[in-house]
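Below is one structure, written out as structure tokens, with a few remarks after it.
Both counts, for ligands and for their atoms, begin at 1 and track the order of listing. These values consider heavy atoms only, across backbone and side chains, with no hydrogens, waters or symmetry-generated copies.
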Amino acid sequence: MRIYSCTCGAPLFIDNTQCTSCGRAAGWCESCEGMAGFDTGAAGDWTCATCGTAARPCANYSGPGVCNRTVRADDPQTLCRLCGLNDTVPNLEVDGNRDRWARLEAAKRRLIYTLDLLGLPYGTDTTPPLRFSFLGDGELAGHWVGAETDQVLTGHAEGLITVNIREADDAAREQVRVDMGEAHRTLIGHLRHEIGHYYWDLLIRGRTGAEQDFATAFGDPNDPPYDVALDRHYADGPPPDWEGWHVSAYATMHPWEDWAETFALWLAMAGVLDTAQSLGIVHGPALQDTATMVEQYRRLGLAMNELTREMGLLDFAPVVITPAIEAKLKSVDWLMRGAAVPARDQDAPGQMFPVGS
Ligand SMILES: [Zn+2]
Ligand SMILES: [Zn+2]
Ligand SMILES: [Zn+2]
Ligand SMILES: [Zn+2]
């Protein structure tokens, strides 16, 4: 994530709703593809102070305040293109749900930013269409006809990414993380994993060459079938030497989960390296190829782990990227880059805040 600049010269971060220096309303401008300050006219109309485009805040920005994106004035939609991906949003009559939703949207903004950065296709017009459902326990029955339980499971099905909004409660999520022995458990991590399943459906399923490449790198998804692998995983746990071959214990369960976990690491690496490059910490073409990405991420991860340990925090980069894991990352990279459309203009998005060199 890059740091943008208000026309007054102050930095603007991706979650800002106001410039702390000049007081302008802040938000994402679709025209300059970055964070910007906005001037507000007498009739409540907004104008991007960077590019001059007429816009209005997304209905989820002006309403519940869970979004900070804008919509171009000539766009008939009231929701921005990120909020337009939502299928179900939390019930705002439940105490705390607005804040949970805001945290989920903040994670989603980072996710979509990285997809745009990499030029990956997504949307409601893909097959399957990408949709998000943020649901609390007890809200499922009315959502999925025939749902047998009131417990919402975070997961992916046919492009629909469902997240149990309990994951937005730090204490609840941390308890599960400890119980499951996970190195990290974060909202952005959930979204990166689930969108990995979406890309499998979108770009690999039913494509002979891609399915073969996938099976070569991750194994045959039909042997054993998913439900058999699931039962075996929860009965027996991961194999003892899993860390040499998989990015997490969960990834050992089935080739699809191995893909999603590896995909999530690949996406995290891209996001981290983009941020580090914009800060001047990493030099050179950060996202050029897997070998360069892994090398830069290794060096950065080493330094960051020492810094987070110094502060008594969890390791920043807990996964040791072995040659086997690097080969899988390379496979993800290969399969995804073939699908990437020319990325948005990465050289001059918005107005960049001058940090580093
Ligand atoms: Zn400003
Ligand atoms: Zn603009
Ligand atoms: Zn929005
Ligand atoms: Zn999964």
Side-chain angles (χ1 to χ4, degrees), residues 2-14 16-40 45-58 68-75 80-81 152-164 167 176 180 182 184-186 188-201 204-205 214 218 221 226-227 229-230 233-234 238 246-267 332 344-345 348-354:
R2 298 157 194 206
I3 301 172
Y4 295 89
S5 196
C6 182
T7 44
C8 76
L12 286 177
F13 303 94
I14 190 176
N16 283 165
T17 51
Q18 191 169 33
C19 173
T20 52
S21 178
C22 70
R24 280 188 177 92
W28 184 272
C29 172
E30 285 293 340
S31 296
C32 46
E33 295 179 358
M35 289 295 296
F38 285 83
D39 293 313
T40 309
D45 46 316
W46 286 27
T47 305
C48 173
T50 299
C51 72
T53 299
R56 61 178 178 279
C58 166
N68 70 343
R69 293 247 168 174
T70 64
V71 181
R72 264 189 278 242
D74 58 5
D75 188 332
C80 72
R81 62 189 180 87
V152 173
L153 294 177
T154 295
H156 167 270
E158 294 294 328
L160 181 68
I161 291 175
T162 301
V163 180
N164 189 319
E167 292 291 328
V176 178
M180 306 285 282
E182 297 173 359
H184 281 183
R185 191 179 178 95
T186 60
I188 181 71
H190 279 305
L191 295 182
R192 287 183 182 131
H193 173 103
E194 301 307 341
I195 205 139
H197 289 306
Y198 163 74
Y199 280 115
W200 197 92
D201 277 3
I204 299 175
R205 184 169 68 177
F214 167 80
F218 292 90
Y226 190 87
D227 52 344
L230 183 74
H233 179 75
Y234 285 114
H246 298 88
V247 302
S248 69
Y250 189 65
T252 66
M253 198 252 274
H254 185 270
W256 288 339
E257 298 306 340
D258 197 8
W259 161 268
E261 286 288 90
T262 310
F263 182 93
L265 174 61
W266 177 74
L267 213 53
V332 171
R344 288 154 170 260
D345 184 2
Q351 196 171 326
M352 303 293 292
F353 188 71

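Relative ring orientation between His193 and His197 is described as perpendicular, the plane-to-plane angle rising above 60° on a 0-90° scale split at 30° and 60°.
Around the Zn ion (ligand 2), the two atoms SG of Cys48 and SG of Cys32 are separated by an angle of 110°, to 10 degrees. Rounded to 10°, the angle that SG of Cys29 and SG of Cys51 form at the Zn ion (ligand 2) is 110°.
Ordered by chain and number, His193 NE2, His197 NE2, Glu257 OE1 make up the set of protein N, O or S atoms under 2.8 Å of the Zn ion (ligand 4).
Between Thr50 and Ala36, the shortest heavy-atom distance links the atoms OG1-CB, 3.7 Å.
No side-chain N or O of Tyr250 forms a donor-acceptor pair with one of Glu182 less than 3.5 Å apart. Between Glu167 and His190, the side chains place a donor N or O and an acceptor N or O closer than 3.5 Å (distance only, hydrogens not considered).
Contact check on Glu158 versus Arg205 returns a salt bridge, with a Lys/Arg side-chain nitrogen under 4.0 Å from an Asp/Glu carboxylate oxygen. The residues Arg56 and Asp45 are annotated as not salt-bridged, no charged nitrogen and carboxylate oxygen being separated by less than 4.0 angstrom.
Here the Zn ion (ligand 1) has protein N, O or S atoms under 2.8 Å from it, and they come to 4.
Formation of a donor-acceptor pair under 3.5 Å by the Asn16 side chain with backbone atoms of Ala26 is not found in this model.
The distance from the SG atom of Cys58 to the CZ atom of Arg81 is 11.5 Å, given to the nearest 0.5 Å. Rounded to the nearest 0.5 Å, atoms CH2 (Trp28) and CD (Glu33) are 7.5 Å apart.
Checked against a 6.0 Å centroid threshold, the rings of Trp200 and Phe263 do not count as neighbours.
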